[in-house]
Number of protein chains: 2
Amino acid sequence: MKERAVTIYDISKQAGVSIATVSRVLNGSENVSEATRQKVLAAMEESGYTPNAFARGLGLNTMKTIGIMAADSSDLYLAKGIYYLEQLLRNEGYDCLLCCTGYTLANRIASMNLLLTKKVDGIILVGSNFIYENEEDNKYIYDAAAQVPVMLLNAALDAPNVYCITSDDYTSVFNATTKLIEQGISEILYLYNSHSYSGKRKEAGFRDAMKNAGIKLKEDSLLFYKGAREDVGAVTAQLESHWDKGHHFKAVIASDDTLAISALKFAYRKNLQIPEDLAVIGYNNSFLAECVTPELSSIDNRLETLCQTLTSTLMGVLGGNEMPKQTVFAGELISRATTPA
Amino acid sequence: MKERAVTIYDISKQAGVSIATVSRVLNGSENVSEATRQKVLAAMEESGYTPNAFARGLGLNTMKTIGIMAADSSDLYLAKGIYYLEQLLRNEGYDCLLCCTGYTLANRIASMNLLLTKKVDGIILVGSNFIYENEEDNKYIYDAAAQVPVMLLNAALDAPNVYCITSDDYTSVFNATTKLIEQGISEILYLYNSHSYSGKRKEAGFRDAMKNAGIKLKEDSLLFYKGAREDVGAVTAQLESHWDKGHHFKAVIASDDTLAISALKFAYRKNLQIPEDLAVIGYNNSFLAECVTPELSSIDNRLETLCQTLTSTLMGVLGGNEMPKQTVFAGELISRATTPA
DNA sequence: TTTTCCAATGTAAGGGCTTGCATTCTTTTG
DNA sequence: CAAAAGAATGCAAGCCCTTACATTGGAAAA
């Protein structure tokens with residue numbers, strides 16, 4: 001299959017210059033006369049030369065690759081983030097090594113090492129679940145950051161060489177909750193399934209909004225689902241069982257669109273009118289929101305903006321510039337048909 | 001940031017052996033006595049040695065990386081495929097370089113070259129849209145296949161070093177259509193938005209099933225939507241306009257779940273009961289199908305099986321074995337609430 | 001014209017690892 | 001017990017680039 005490849009030596013011979021000169025035009029060095037540059041380029045063109053990435057890597061100690069870690073690249077939201085990042089990084093001349101880690105720490109440590117072994121120039125952690133409550137569990141991030149910049153999307157961690165781009169989840173949920181209350185709906189159920197960094201921020205936003213409105217928060221106003229949120233049937237069932245135990249509510253704010261979908265299904269089963277009997281607000285404003293009927297109101301956390309900022313910050317860091325350690329963007333409730341006008 | 005890394009020389013010194021021996025234990029060579037192996041491993045462990053991937057690549061001419069190309073990694077179906085592949089390949093010790101190419105040929109050629117430059121060991125094209133009608137446009141695939149094995153998921157192309165794993169889309173749609181007809185529904189609209197390899201197979205399945213049942217196919221029985229299928233609103237509008245022109249139907253078979261979602265929305269707007277007034281069948285059996293109400297009947301093309309087979313075939317090829325050039329699996333209609341029982 | 005200086009180019013020393021071949025030492029065989 | 005075979009290890013030549021430093025030649029300065 002692979003015959004001996006064309007090397008820099010072949011080009012140097014063909015163009016009648018030294019390999020150093022060839023290397024210089026390869027790397028866009030200034031100190032090459034236009035005439036030689038053309039000669040070399042012609043030779044490359046003619047023989048279909050492609051520099052050997054490994055040798056290049058050895059010399060430059062980089063292969064222009066960024067590692068992207070996500071728990072599950074098929075999650076609607078994470079997939080979108082990965083997509084944006086890949087596009088943006090490619091524009092900057094970087095390739096992406098993708099690592100789906102699942103949710104266990106052991107896997108994450110392994111993946112992290114893998115990426116480091118492959119000499120990526122930076123690592124992006126997509127999703128807030130990469131930060132652990134137990135400070136020791138975050139060691140794998142600190143270790144990685146000792147070697148390459150680590151970017152967190154939707155999570156925050158104060159450490160050297162770690163940069164965080166987040167959405168202001170707290171305020172988004174606070175505002176959404178407040179808005180519902182102002183519309184006269186105060187029996188709100190907060191449905192969530194993660195204690196991640198942003199998960200806790202969202203929850204806090206809910207609690208504070210309720211408190212702020214002077215509504216005493218019963219503990220049955222929060223429902224935690226401990227399984228995979230993609231298991232729509234199970235989440236729906238849990239909502240039903242909650243309701244059937246006498247915990248009624250007039251609205252659901254979910255920490256994720258997928259969970260909100262279950263709330264919609266729940267309403268359908270219970271024959272509740274949306275939004276009259278039950279208002280529903282999701283989070284992430286994913287494609288799902290437009291797919292369901294009635295269309296789901298959802299909090300948009302401006303994923304594309306986050307990704308753009310993350311990328312430019314990373315590029316800045318790699319370029320040796322001082323960059324902000326944390327950047328926060330405001331979210332926004334997109335009102336559709338599951339909330340009162 | 002980066003202090004001088006531990007190299008094979010350090011280990012060799014520390015263990016009191018030659019670097020050749022260290023390299024041998026690194027590569028699991030047979031000819032090393034157990035005692036030395038242990039000594040070396042201990043030294044590695046102690047000094048936290050990580051072999052330099054570039055140097056390794058230079059020597060071995062591989063970095064155990066597979067390139068994955070997909071038009072859009074955030075597409076629900078493609079994302080799932082990428083996810084499966086990434087997991088499977090990782091299990092085999094390979095990393096994945098992800099390339100989202102969009103739908104233009106120029107981008108694809110560029111991406112392909114990029115992957116080849118980075119010396120991937122194989123390339124996987126996820127999605128049937130990588131094959132072009134115009135034979136010349138497929139040159140980029142042949143070129144790539146001249147260097148590394150190319151795997152096609154859901155597409156077929158007969159060429160050296162190209163391996164295809166597909167679902168029998170033709171039969172799946174043929175059967176689904178036939179089943180509807182047997183249930184007494186013969187006014188069926190086939191809704192599609194792609195002329196890709198599998199797109200054409202599906203369409204043929206529909207046409208043949210109708211013909212086979214002796215139903216004369218009016219050309220208004222097929223509706224092609226030329227934009228992005230994610231634009232649910234636009235697809236819905238086009239369905240409405242089609243209907244309003246007098247082209248009525250009692251069922252929709254869509255070439256993709258996302259399109260089917262639009263059919264559901266259309267029914268809702270027209271106040272058609274599902275499945276009594278309108279039956280709907282999607283394709284891919286994606287997560288979307290379970291999210292909507294009523295839940296969508298959809299053709300499952302066994303993506304996970306396809307990915308497994310693709311991976312094992314690729315591993316076989318890389319291992320120098322003769323492997324089947326084309327593997328086809330049967331699909332299956334998953335009946336949910338949008339089709340009559 | 002001679003001296004400086006600088007742009008353009010070449011020389012050669014790595015960068016860290018793999019591997020064919022040579023060498024040494026241990027076993028087996030006759 | 002000598003000779004042959006085999007196992008374990010070392011030597012050194014790559015693999016293909018990058019780049020600090022040396023060299024050259026011509027233009028600018030004196």
Side-chain angles (χ1 to χ4, degrees), chain A residues 1-44 47-65 116-121 147, chain B residues 1-44 47-65 116-121 147:
Chain A
M1 198 70 60
K2 308 199 186 194
E3 67 277 14
R4 189 182 156 293
V6 182
T7 76
I8 202 172
Y9 289 93
D10 302 319
I11 303 299
S12 99
K13 205 168 301 168
Q14 201 172 327
V17 298
S18 73
I19 60 163
T21 301
V22 177
S23 176
R24 287 194 188 95
V25 344
L26 219 47
N27 294 286
S29 162
E30 290 294 288
N31 302 327
V32 183
S33 75
E34 192 50 33
T36 345
R37 160 173 276 105
Q38 290 308 330
K39 249 192 324 192
V40 172
L41 288 177
M44 288 179 173
S47 51
Y49 168 70
T50 313
N52 180 303
F54 298 144
R56 208 112 193 268
L58 235 198
L60 295 170
N61 206 35
T62 161
M63 208 152 111
K64 300 271 257 174
T65 307
L116 291 174
T117 299
K118 295 245 173 154
K119 298 267 189 187
V120 294
D121 298 302
Q147 298 189 47
Chain B
M1 198 70 61
K2 308 198 187 194
E3 67 276 15
R4 189 181 156 293
V6 182
T7 77
I8 202 172
Y9 288 93
D10 302 319
I11 302 300
S12 99
K13 205 168 302 171
Q14 202 171 325
V17 298
S18 73
I19 61 163
T21 300
V22 177
S23 175
R24 287 197 187 93
V25 345
L26 219 47
N27 294 287
S29 162
E30 290 294 290
N31 302 325
V32 184
S33 74
E34 192 50 31
T36 356
R37 160 174 275 104
Q38 291 309 330
K39 251 193 320 188
V40 172
L41 288 177
M44 288 179 173
S47 52
Y49 169 69
T50 313
N52 180 302
F54 298 144
R56 207 112 192 268
L58 235 198
L60 296 170
N61 206 34
T62 163
M63 208 151 111
K64 300 271 257 175
T65 308
L116 291 173
T117 299
K118 295 246 173 155
K119 298 266 188 188
V120 295
D121 299 302
Q147 297 188 48

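Chain naming here is simple, since letters A, B, ... match the order of the sequence lines and numbering starts at 1 in each. In this text the structure is predicted, and so the values were computed from the model without any measurement.
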Just so I know, are the side chains of [X] and [Y] near enough to count as touching, which here means a heavy-atom distance under 4.5 Å?
X      : Y     : value
B:Y49  : B:D10 : no
A:V25  : A:M44 : yes
A:V22  : A:V17 : yes
B:R56  : B:M63 : no
A:L116 : B:T50 : no
B:R37  : B:T21 : no
B:L60  : B:N27 : yes

Does [N] have OP1 or OP2 under 4.0 Å away from a side-chain N or O of [X]?
X     : N      : result
A:Y49 : D:dC16 : no
A:N61 : C:dG15 : no
A:T21 : C:dG10 : yes
A:S33 : C:dT9  : yes
B:S23 : C:dT19 : no
B:S18 : D:dT9  : no
B:T7  : C:dG16 : no

Task: Modelled atom types, side-chain donor and acceptor of A:T65 and B:K118, under 3.5 Å - done: yes
Using whole Å, report how far [atom1] of [X] lies from [atom2] of [N].
X     : N      : atom1 : atom2 : answer
A:R56 : D:dT18 : CZ    : P     : 5 Å
A:L58 : D:dC16 : CG    : C1'   : 9 Å
B:Y9  : D:dG10 : OH    : C1'   : 13 Å
A:Q38 : C:dA8  : CD    : P     : 14 Å
B:M44 : C:dG16 : CE    : P     : 15 Å
A:L26 : D:dT18 : CG    : C1'   : 10 Å
B:N52 : C:dC17 : CG    : C1'   : 8 Å
A:M63 : C:dG15 : CE    : C1'   : 15 Å

TODO: Take B:E34 and B:I19, find for each the nucleotide of DNA chain D with the closest heavy atom, and name the residue whose nucleotide sits nearer the 5' end.
DONE: B:E34
Task: Residue whose nearest DNA chain D nucleotide is more 5′ - B:E30 or A:I8 - done: B:E30
TODO: Using a 4.0 Å heavy-atom cut-off across all strands, classify B:V17 as base, sugar-phosphate, or nothing.
DONE: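 It contacts sugar-phosphate atoms only.
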- [ ] Report which part of the nucleic acid A:L60 touches: base, sugar-phosphate, or nothing (heavy-atom distance under 4.0 Å, all strands).
- [x] sugar-phosphate
- [ ] Apply side-chain contact (heavy atoms from CB on, under 4.5 Å) to B:I19 and list each qualifying residue two or more places apart in sequence or on a separate chain.
- [x] B:I8, B:Y9, B:S12
Could you list, one pair per line, each protein nitrogen or oxygen that sits under 3.5 Å from a nitrogen or oxygen of nucleotides 23-28 of chain C, together with the distance?
none

Open item on the list: Would you compute the distance between atom OG1 of A:T36 and atom CG of A:N31 and round it to the nearest 0.5 angstrom?
Closed with: 11.0 Å
Atom pairs under 3.5 Å, N or O on each side, protein against nucleotides 20-25 of chain D: can you list them with distances?
none

